[in-house]
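Here the structure is laid out as structure tokens; the discussion comes afterwards.
In what follows, chains are A, B, ... by sequence order, proteins preceding strands, each numbered from 1.
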Protein chains: 2
Amino acid sequence: METSCDQDGPWDVYLKSCPCRDVLDLLANKWTALVLGALARRPHRFGELRRAVDGISQKMLTQNLRTLERDGFVTRTVYPTTPPTVEYALTEMGAEVGSHLIALSSWSQANFDRIRDARSTYDDRTLEPVT
Amino acid sequence: METSCDQDGPWDVYLKSCPCRDVLDLLANKWTALVLGALARRPHRFGELRRAVDGISQKMLTQNLRTLERDGFVTRTVYPTTPPTVEYALTEMGAEVGSHLIALSSWSQANFDRIRDARSTYDDRTLEPVT
DNA sequence: CCGCATCCTGAGCGATACTG
DNA sequence: CAGTATCGCTCAGGATGCGG
């Protein structure tokens, strides 16, 4: 594939107008990563997901799921019961990105202390610029 | 460490109030991933960065760099020349997250076709619900 | 239970202008 | 060149209510 973006080519060029932006933008969303993460663990029903991803509004959940479905990351299965049962699961693609997301999250979980330290150091330094 | 979040524990719990959110929120930003990506390739000066990350405004670049610096992902080195020279580089932590980000970007670059296909399939299907 | 539609607020971000 | 400050808008996203 000959896009302007090659992963061992210059990122500088890469950053301009490359499909990657689309995917990155996907994550530039408060919730998608969390939703994907939840689904990475196991399929969820709508309500479960709502509870799992604490703080998400129903609107955002729906919206994110639609986008993810459209992009082929999750599947939406409706069981014609009453009341309706809808199950969301990751596709293979979804699982692939999901794994990266999980890696990232694991990292942040493991290294959060370092970040916290960096923050307080920085804050201290900027508060007393001249002893 | 005993947070409510354990990487092989339930994501459901994990998602509630866990440090990971902070890091994930970092990505929930239109630009940070791109900036980190650019710096992952090599250190950059401010202007270089601006040009590398196409479309970013000077304001957002500064803002992102400040946050990344505060969180300990990048270093900011000022050379007292005229005109001023400021170089930004990744810290080791920065490089670590950076690698994950690059993995993600490489993936999206490699798989974008699949996404595109998924999209058009989805769109076609929703446009003609009943043949 | 699932999800769409509407309204409304505020953070995010871009544009512009000004310092060192 | 690098950075700060201000203004104004757009739009993500929260709250609420209705419908299948």
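Rounded to an integer number of Å, the gap from I56(A) CD1 to dA12(D) C1' is 12 Å. Atom pair N29(B):CG and dA12(D):P shows a separation of 14 Å (rounding to whole Å applied).
Comparing P83(A) and K30(A) by the nucleotide of DNA chain D that holds the closest heavy atom to each, the one mapping nearer the 5' end is K30(A). Comparing Q58(B) and N64(B) along DNA chain C, the residue whose closest nucleotide (by nearest heavy atom) sits nearer the 5' end is N64(B). For the pair R45(B) and T62(B), both in contact range of DNA chain D, the more 5′-proximal nearest nucleotide belongs to R45(B).
In the set dC7(C), dC13(C), dC1(D), the nucleotide with an atom closest to the side chain of K59(A) is dC7(C). The S57(A) side chain lies nearest to dG14(D) when the options are dC2(C), dG14(C), dG14(D). In the set dG14(C), dC2(C), dG3(D), the nucleotide with an atom closest to the side chain of R66(B) is dG3(D).
Between dC2(C) and R76(A), no contact under 4.0 Å exists linking OP1 or OP2 to a side-chain N or O. Not one side-chain nitrogen or oxygen of R50(B) sits closer than 4.0 Å to the OP1 or OP2 atom of dC1(D). Distances shorter than 4.0 Å separate none of the side-chain N or O atoms of Y88(B) from OP1 or OP2 on dC1(D).
By the 4.0 Å N-to-carboxylate-O rule, E48(B) lies close enough to R42(B) to be salt-bridged with it. Between R119(A) and D22(B) a salt bridge is recorded (basic side-chain N to carboxylate O distance below 4.0 Å).
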Pairs under 3.5 angstrom only: tabulate donor-acceptor contacts from the side chains of residues 23-30 of chain A to other protein residues two or more places apart or in another chain.
unit_1	atom_1	unit_2	atom_2	d
N29(A)	OD1	W31(A)	N	3.0
N29(A)	ND2	N64(A)	OD1	3.4

